[in-house]
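Some notes on the structure that comes next.
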Amino acid sequence: MITVKNVYKSFDGRLVLEDINATFEKGKTNLIIGQSGSGKTVLLKCIVGLHDVDSGAIYYNDTRFDNLNFNDKKKIRQKIGMLFQGSALFDSATVEENVMFPLDMFTSMTYEEKLERVNFCLKRVNIINSNHLYPAEISGGMKKRVAIARAIALNPEFLFCDEPNSGFDPKTAVVIDQLIKEITEEFNITTIINTHDMNSVMGIGDKVIFIHNGKKWWEGTKDNILDSDNKELNDFVFSTELTRKIKGL
Amino acid sequence: MKLLSAIDMFGEYILLLKKVFSKPEKRRVYYQQTIKEIDKLGLQSIGIVTIISVFMGAVITLQTAYNMENPFIPNYLIGLGTRDSMLLEFSSTIIGLILAGKVGSNIASEIGTMKVTEQIDALEIMGINSASFLILPKIIATVLFNPFLTVLSMIVGIVGGWLVGVFTGVVSTQEYIDGVQYAFIPFYITYALIKTVVFAFLITTISAFYGYRVQGGSLEVGRASTQAVVMSSIFILLFNLILTQLLLS
Ligand SMILES: Nc1ncnc2c1ncn2[C@@H]1O[C@H](COP(=O)(O)OP(=O)(O)OP(=O)(O)O)[C@@H](O)[C@H]1O
Ligand SMILES: [Mg+2]
């Protein structure tokens with residue numbers, strides 16, 4: 001479980017996050033949704049410690065994370081997997097080397113053990129026979145899946161995904177969403193996903209937090225998001241012609 | 001204002017170096033990285049260093065020969081002139097400037113690209129000191145290997161001078177070899193190697209610094225790469241002056 005308490009964050013005096021409070025549950029896909037520029041990425045980066053918060057606190061289970069030093073953070077970070085918006089695979093390494101990298105750095109496994117783990121993770125994301133290709137040689141959707149394999153290589157307790165399916169066709173987007181959801185449940189991971197895609201929300205929104213102008217505006221699940229009377233949330237949810245028609249607006 | 005931002009940048013540079021020279025986490029992985037960098041930054045520069053040195057040695061020989069109209073000046077001075085030009089200035093400083101262009105832009109664009117595509121964030125998330133992991137192997141590789149390039153350049157340059165001298169008939173083999181051996185000061189080689197090591201450190205750290213601070217996209221990566229080459233070159237020339245005063249006066 002991850003808890004965010006009274007988090008504030010500004011850049012050059014401009015407030016981007018204002019008094020965010022939230023809990024993200026274990027074994028569930030927790031979604032952070034909101035318009036472009038609302039502060040989703042900044043919130044995610046604050047939670048993982050790529051940005052320092054101005055004030056407030058971040059807890060991983062019961063451990064306060066934000067005020068730890070680099071070495072103590074490192075211990076928690078080895079339980080974190082993160083999926084970046086652009087996959088962030090290492091260009092100069094093959095698919096296999098990318099997934100093996102965290103194992104090289106943080107385990108004393110033999111090469112055979114590592115290879116077995118790599119192949120297990122790659123198989124889990126349905127990448128086979130591509131071990132020796134470079135990131136430039138595979139498609140965007142495959143890159144995402146390899147990045148998921150890398151993120152789960154060390155059996156993480158926490159998984160973060162920044163817009164995992166943006167830029168993909170609807171079918172591929174659903175495949176990636178479902179993969180993340182299955183992995184979350186299978187390995188009982190606390191997963192936080194940034195998205196502005198309503199299909200994702202309706203597909204995997206175990207818990208949904210809506211950020212508007214840097215504030216938490218609404219929270220709930222995919223089941224009650226359509227019935228909310230929160231105006232800004234409705235503007236966001238029913239922004240397309242299709243959804244408006246369904247709602248009868 | 002300009003001065004202030006220059007001081008700021010220098011502070012940032014020092015902070016980065018501090019991060020670079022902290023204790024490596026997995027020695028074996030660092031060792032492998034260093035071997036890769038020696039190949040990429042060192043071995044792959046042998047071609048350009050050889051070509052440039054052989055031509056420069058040849059040109060220096062011809063220029064010296066054609067400037068010595070006076071028949072009372074002995075011909076062996078041609079060999080001596082080529083040797084001292086190569087040893088004192090060409091094989092360290094000019095090769096340093098060439099490498100600033102080749103290696104410097106390579107380092108800045110590689111690290112800059114990793115920065116804008118979140119590969120550096122991916123390393124940090126895993127709990128890896130990205131500055132140390134990416135930059136230290138490059139520093140070790142160039143500081144260890146560039147002296148070999150300098151020695152290679154000296155040898156190839158002197159041979160180039162001999163070849164063109166004999167081919168055009170401006171000097172005989174015997175005269176040239178006599179000149180190369182005449183009044184030889186071994187310290188010149190030490191002086192060149194000290195300069196080479198300092199230049200290697202400057203090129204690598206300055207270029208890595210510009211790469212590491214890139215923000216934005218590919219446009220900024222290109223700009224950083226240009227800045228890296230310009231600043232490395234300026235500092236090479238500055239330290240050439242300082243070291244010459246310190247070592248030869
Ligand atoms: N490093 C930074 N420095 C200054 N301002 C920043 C920085 N990162 C983000 N911001 C600002 O914070 C605000 C929120 O940005 P953020 O990237 O979190 O949006 P987002 O909700 O993730 O949007 P998108 O859906 O487009 O990814 C934006 O106004 C952005 O300009
Ligand atoms: Mg974002």
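In this text, all values refer to a predicted model and were calculated from it rather than measured experimentally. Per chain, numbering begins at 1; letters A, B, ... match sequence-line order.
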Supply the atom-to-atom distance [X] [atom1] to [Y] [atom2], rounded to the nearest 0.5 angstrom.
{"X": "B:Gln32", "Y": "A:Asp104", "atom1": "CD", "atom2": "CG", "result": "7.0 Å"}
{"X": "B:Leu123", "Y": "A:Arg77", "atom1": "CG", "atom2": "CZ", "result": "11.5 Å"}
{"X": "A:Ser108", "Y": "B:Arg28", "atom1": "OG", "atom2": "CZ", "result": "10.0 Å"}

If I measure from the heavy atoms of chain B, does A:Asn71 come under 4.5 Å with its side chain, its backbone, both, or neither?
neither
Taking C-beta and beyond as the side chain, do A:Phe106 and B:Lys26 meet within less than 4.5 Å on heavy atoms?
no
Measure the shortest side-chain to side-chain distance between A:Phe160 and B:Ile125 over non-hydrogen atoms and say whether it is less than 4.5 angstrom.
no
For [X], does the [atom1] atom sit with more than 12 other heavy atoms under 6.0 Å from it, leaving out its own atoms?
{"X": "B:Phe148", "atom1": "CZ", "value": "no"}
{"X": "A:Asp62", "atom1": "CG", "value": "no"}
{"X": "A:Gln78", "atom1": "CD", "value": "yes"}
{"X": "A:Phe70", "atom1": "CZ", "value": "yes"}
{"X": "A:Phe11", "atom1": "CZ", "value": "yes"}
{"X": "B:Phe55", "atom1": "CZ", "value": "no"}

Applying side-chain contact (heavy atoms from CB on, under 4.5 Å), run through B:Glu124 and A:Lys73 and close with a yes or a no.
CA-CA 10 Å; B:Glu124 291 283 329; A:Lys73 272 191 181 147; over 6 Å; no
Looking at every non-hydrogen atom in both residues, tell me the closest pair between [X] and [Y] and how far apart they are.
{"X": "B:Gln119", "Y": "A:Leu89", "value": "CD-O, 3.2 Å"}
{"X": "A:Lys45", "Y": "B:Glu118", "value": "NZ-OE2, 3.6 Å"}
{"X": "B:Ile128", "Y": "A:Phe101", "value": "CD1-CE2, 3.4 Å"}

